[in-house]
Structure formats: structure tokens, C-alpha cells
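All heavy atoms count here, side chains included; hydrogens, waters and symmetry mates do not. So that the names make sense, note that chain A is the first sequence line, chain B the second, and so on, each numbered from 1.
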Amino acid sequence: MPEGPSIVILKEEVQLFAGKKILEVTGNTKEDKALLNGKKVVSFESWGKHFLIRLQGLTVKIHFLLFGSYSINEMRKPNPRLHLKFSNGDLYLYSCSVKLFTEDPDAVYDWSADVMNDNWSPAKARKKLKALPDALACDALLNQEIFAGVGNIIKNEVLFRIRVHPESLIGALPPRKLTELIAEARKYSFQFLEWKKAFELKKHWLAHTKTCCPRCHIPFVKEKHLGKTKRRAFFCENCQVRYPQPAILAPRLPPSRKILLKCAGQGNVVPAKRSGGKRSIPL
DNA sequence: TAAAATGTTTGCAC
DNA sequence: TGTGCAAACATTTT
């Protein structure tokens with residue numbers, strides 16, 4: 001559920017409640033639910049992975065973390081964290097973080113940092129990245145102050161697409177690669193949105209959870225806890241370049257037959273096994 | 001069945 | 001006070 005594009009879908013799905021009055025509030029959140037009673041929804045908004053319910057003088061911030069979910073009209077799970085009743089239906093939010101705040105959301109949120117927002121600013125993202133030259137590419141993409149909404153799936157897919165090794169240093173990326181990183185973070189997020197709406201997101205994964213590189217047809221490297229963020233990473237040591245690049249490139253040996261067999265049947269051509277017998281034609 | 005997973009915050013040790 | 005790390009949280013799927 002939780003990457004930015006999924007929150008955009010939620011925001012679209014709850015539009016039927018925009019402008020409506022909250023008739024009843026229940027749920028096991030420890031926040032002061034009573035404050036929401038009788039208030040009208042000014043608007044539903046999102047910032048990265050945050051889902052915001054903007055009321056008069058009060059905003060509800062929902063974060064779904066790893067396991068949160070929601071349903072509209074039908075209660076699909078027991079014990080919702082928050083349930084809002086409207087004249088035309090119900091919104092149920094499960095196992096999520098709920099926080100209330102009274103500040104103006106425009107003063108709290110930097111909308112230009114949200115990859116899904118109309119105000120997304122690649123220039124500002126670049127400036128923030130320039131300030132973190134020692135950060136790893138895999139960590140930088142998950143930095144919500146720079147790429148709000150980007151999660152682990154988007155991270156893996158973006159790095160594969162732009163052929164950048166996840167452990168590359170941000171400061172060592174050539175300017176054009178940095179441009180690509182920023183552009184692809186947004187571009188892939190919107191593709192994620194369209195594919196998710198069509199229920200075909202996984203079908204389009206090229207790297208995330210994959211075992212073989214679709215370009216090189218050799219096994220992906222799978223790291224369980226990569227970078228400061230310690231998240232799963234799937235990448236190709238062959239076509240994803242690690243920056244900085246070494247001054248002298250080590251000669252690359254062709255992968256062994258055993259390795260190639262791991263990716264057989266995925267567009268990979270495995271050389272025939274040499275027969276143990278004597279050659280009929282001497283070399 | 002145990003383990004892992006689209007994530008973030010908190011609290012403790014140093 | 002700052003930082004870095006592990007733990008906590010919570011649920012579904014493999």
C-alpha cells in the first residue's frame with residue numbers, strides 16, 4: 001500500500017467525501033477523535049506517503065507505514081484505527097499512524113519535494129542532493145525530504161532503469177546521471193500510478209524481487225540490508241555502473257555456464273555443454 | 001510455520 | 001547535545 005502513487009489513488013477514491021461533514025468518528029486511535037466530529041472536509045491532500053484530511057482549522061495526517069490499509073463504505077477488517085462516517089458513506093483506515101495538527105499544511109509541507117505533486121521541483125531536488133555528496137544512491141532515493149513518496153520498489157526500479165549501482169556515491173554521479181536520477185524518480189512514480197490502477201504493477205517490475213537481469217540475462221545481486229536505510233536491493237553488477245568508476249576497469253570475465261543456467265529460460269542463451277569425448281576434428 | 005515485507009519513529013548506548 | 005543503531009509497531013503473504 002504505502003508508496004506515494006498509492007496514496008494518490010486513495011486521494012482520488014475518497015473524493016466523494018470532499019466537502020462533506022463528518023457525522024461520526026470511531027476507531028482505536030489514541031488521538032482526540034472527538035475534535036473531528038461535525039467538521040467538514042475542506043480537502044484531501046497527499047504529501048509523499050502522507051495522506052492528509054484537511055478540516056476546518058485541523059488536519060488529520062495518516063501514515064500507513066508498512067502494513068496499513070483502507071476501505072471505503074465496507075468495513076473489511078475489525079478494529080479500524082479510524083473510521084469516519086459521512087452522509088454518503090464511510091472511510092475506514094486500518095493499522096496506520098494517525099496524528100492531528102492545527103498548523104496550516106502549507107506551512108508544514110514542502111510540496112516541491114513530493115514527486116507526485118504539481119509543484120515538484122527537480123531543481124530543488126538537485127540542490128538537496130548536491131548537499132549530500134557522500135550519500136549512497138539507494139539511500140538518497142528513499143530520503144523523503146528529497147523524494148517524498150519514493151519507496152523501495154521505486155528505488156530499485158529507478159536505479160535499474162538508469163543503470164546506476166545502488167551503492168554509487170551521489171557526489172560521484174556525472175551531472176547527466178544526476179539529472180536522469182531525478183527525472184526517472186518522478187517518471188517511474190507516475191508509471192507506477194497507472195500500472196497500479198490497472199492492477200498490473202508487478203507485471204512491469206524489471207528489478208524489484210527479480211532474480212535475473214532482463215538486459216544481461218545473468219543473476220541479479222540481492223542485498224537484504226543495503227545502505228543506511230538497510231533496505232532490500234536488487235541490481236545487476238554488470239550493467240548498473242558503480243560511481244565513482246575505478247580509474248582502470250578490471251577485465252570482466254564471462255559468466256560461467258553454471259551462473260548462466262540460473263537465468264535459463266528468461267531470454268538467456270546457455271552455451272551447450274561440451275562433450276567429454278574426444279574431438280573428431282582436431283583444433 | 002516462521003520469516004519477510006511497498007516504512008518510520010522512538011529510545012537507548014556511546 | 002549529537003549520532004547511530006536496534007527495537008518497536010502492525011499485518012499479510014510466501
Note to self: Check A/Lys196 with A/Glu3, please: is the shortest side-chain N to carboxylate O separation under 4.0 Å?
What the structure shows: no
Compare side-chain N and O positions of A/Arg232 against OP1 and OP2 of B/dA4 and report whether any pair is under 4.0 Å apart. no
I'd like to know if A/Lys228 pairs up with A/Asp134 as an ion pair, taking the criterion as any Lys NZ or Arg NE/NH1/NH2 lying under 4.0 Å from an Asp or Glu carboxylate oxygen.
no
**Prompt:** Should A/Lys99 be listed as having a side-chain N or O under 4.0 Å from OP1 or OP2 of B/dT9?
**Reply:** no
Note: for A/Cys96 and A/Lys202 on DNA chain C, the residue whose nearest nucleotide lies more 5' is A/Cys96
In Watson-Crick or G-U wobble terms, with both distances under 3.5 Å, the base opposite C/dC9 is B/dG7
Among C/dA10, B/dT8, C/dA6, the one nearest any side-chain atom of A/His63 is B/dT8
query = What interatomic distance, in whole Å, is found between P of C/dA6 and the corresponding atom of B/dA4?
reply = 16 Å
A/Phe64 CZ to B/dT6 C1', in whole Å, measures 13 Å
Separation of B/dG7 atom C1' from A/Asp139 atom CG, nearest Å, is 14 Å
> Do the side chains of A/Pro244 and A/Leu169 get nearer than 4.5 Å, heavy atoms only?
Replying inline: yes
Out of C/dT12, B/dT6, B/dT8, minimum distance to the side chain of A/Leu66 belongs to B/dT6
A/Lys222 atom NZ is separated from B/dA5 atom P, nearest whole Å, by 6 Å
Between OH of A/Tyr94 and P of C/dT11 the distance, given in whole Å, is 12 Å
Open item on the list: Roughly how many Å apart are B/dA3 and C/dA7, using the P atom of each and rounding to a whole number?
Closed with: 15 Å
C/dC9 and B/dT1, which share atom name P, separated by this distance in whole Å: 23 Å
**Prompt:** OP1, OP2 of B/dT6 versus side-chain N and O of A/Lys155: anything below 4.0 Å?
**Reply:** no
In whole angstroms, the gap separating C1' of B/dA4 from NE2 of A/His208 amounts to 11 Å
Closest to the side chain of A/Lys224, out of C/dT11, B/dG7, B/dA4, is B/dA4
From CD1 of A/Ile62 across to P of B/dG7 the rounded distance in Å is 18 Å
Margin query: Please confirm whether the ring centroid of A/Phe160 lies under 6.0 Å from the ring centroid of A/Phe220.
Written below: yes
Side-chain contact check for A/Ser95: nearest option of B/dT8, C/dT11, B/dG7 is C/dT11
A/Ile7 CD1 to B/dT8 P, in whole Å, measures 10 Å
Of the listed B/dT6, B/dA4, C/dA10, the closest approach to the A/Arg81 side chain comes from C/dA10
### Message
Assess whether a salt bridge exists between A/Arg54 and A/Asp104, defined as any Lys/Arg side-chain N lying under 4.0 Å from an Asp/Glu carboxylate O.
### Response
yes
With the side chain defined as heavy atoms from C-beta on, A/Lys49 is closest, among C/dT11, B/dG7, C/dA6, to B/dG7
request  = Mind telling me whether A/Tyr109 and A/His50 have parallel, tilted or perpendicular rings, with 30° and 60° as the class edges?
outcome  = perpendicular
Rounded to whole Å, the NZ-C1' distance (A/Lys230 to B/dA5) equals 17 Å
Of the listed B/dT8, C/dT11, B/dT6, the closest approach to the A/Leu65 side chain comes from B/dT8
